[in-house]
Amino acid sequence: MKQPTGRASSRSRPRADALVSSSYSRPAEIVARDLIGAILTSTIDGIETAGRIVETEAYVGPHDPASHAAERIGRTARNEPMFGEPGIAYVYRIYGIHWCLNVVTDAVDFPAAVLIRAIEPIRGIEHMRARRHTGQKRLLDRDLTSGPGKVAQALGITGAHNGHRLDRAPLWVSAGSGVTPAAVTVGPRIGITQAIDWQLRFSEARNPYVSRGSAA
DNA sequence: GGTCGGATCATCT
DNA sequence: GATGATCCGACCG
């Protein structure tokens, strides 16, 4: 769709409250820690939903054997966004069923990313419930977004958002109220078979919206 | 409370 | 042809 000359649409203009690109130009494990407490908002399909990030995982570079861009794999069509600009989304399909949202970090041509594993719903909760609803049972609030596949489904995130700059509609990250280091729990990543002892999962301590399997 | 298996497909060997 | 940064329902206790 063409825009009138001299005026960008709100869809392509950065949000004033969005985190700036330099926030992401740091090692993934630093960004992953800092994103705890930040706000993730989507306006996909005309529906606004938002949540507070409460759990992340860092995939720190080619030396990280659990990364989609590990050295042994190299640069491929799938992991290409991880080599791109810090602050863009890397969205991939897993198990043929679910979508997972990552934020690309560090530097161009250095593949690193932060997986958004869980958020605490803030706005559009009934829309999230409608998107997540599958069976007969009404989902508890804490089951709406307590896992990476759930976050994507609740917010309407799909492969269509792969490579999207996360400082603007329809999907962006903005600063939250801030979380002290003492309130962040660090532990091993989940669902991987390589580097299982690397302490690269970050979650807000005692938050009921973190995924199952998260350490106390 | 915990564990188990099926769903389902893009990606890479 | 095998695998996977997951989820959910079924079943057991």
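As a basis for the values below, the full set of heavy atoms in this structure was taken, side chains included, without hydrogen atoms, waters or symmetry mates. Proteins come first, then strands; the chains are lettered A, B, ... in the order of their sequence lines, and each starts at number 1.
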So that I can tick it off, tell me whether A/Lys137 and A/Asp143 are bridged by a salt bridge, with the cut-off set at under 4.0 angstrom between side-chain N and carboxylate O. no

Distance check needed: [N] [atom2] versus [X] [atom1], whole Å only.
X	N	atom1	atom2	result
A/Glu71	B/dC12	CD	P	16 Å
A/Arg201	C/dT6	CZ	P	11 Å
A/Asn79	B/dC12	CG	P	7 Å
A/His68	C/dT3	NE2	C1'	11 Å
A/Gln194	C/dT3	CD	P	13 Å
A/Ile97	C/dC7	CD1	P	10 Å
A/Ile73	C/dA2	CD1	P	19 Å
A/Tyr95	B/dG5	OH	C1'	13 Å

Is the closest side-chain donor-acceptor distance between A/Ser203 and A/Thr185 under 3.5 Å? no

Quick one: which of C/dC8, B/dT11, C/dA5 gets closest to the side chain of A/Thr76? B/dT11

Choosing from C/dC7, C/dG4, B/dC12, which nucleotide comes nearest the side chain of A/Thr193? C/dG4

Determine whether a donor-acceptor pair (N or O, by modelled atom type, separation under 3.5 Å) exists between the side chain of A/His164 and the backbone of A/Leu171. yes

Ignoring backbone atoms, establish whether A/Lys137 has a side-chain N or O less than 4.0 Å from OP1 or OP2 of C/dC8. no

According to the interplanar angle, ranging from 0 to 90°, do the rings of A/Phe110 and A/His63 count as parallel (below 30°), tilted (30 to 60°) or perpendicular (above 60°)? tilted

Nucleotide paired to B/dG1 in any strand shown, Watson-Crick or G-U, under 3.5 Å: C/dC12

Ignoring hydrogens and angles, are the base of C/dA5 and the side chain of A/Tyr92 linked by a donor-acceptor pair under 3.5 Å? yes

At under 4.0 Å between heavy atoms, what does [X] touch on the DNA or RNA strands: base, sugar-phosphate, or nothing?
X	answer
A/Arg189	nothing
A/Arg132	sugar-phosphate
A/Ile192	sugar-phosphate

Taking for each residue the nucleotide of DNA chain C with the nearest heavy atom, is it A/Arg93 or A/His98 whose nucleotide lies nearer the 5' end? A/Arg93

Ring of A/Tyr209, cation from A/Arg52 - is the NZ or CZ under 6.0 Å from the centre and inside 45° of the axis? no

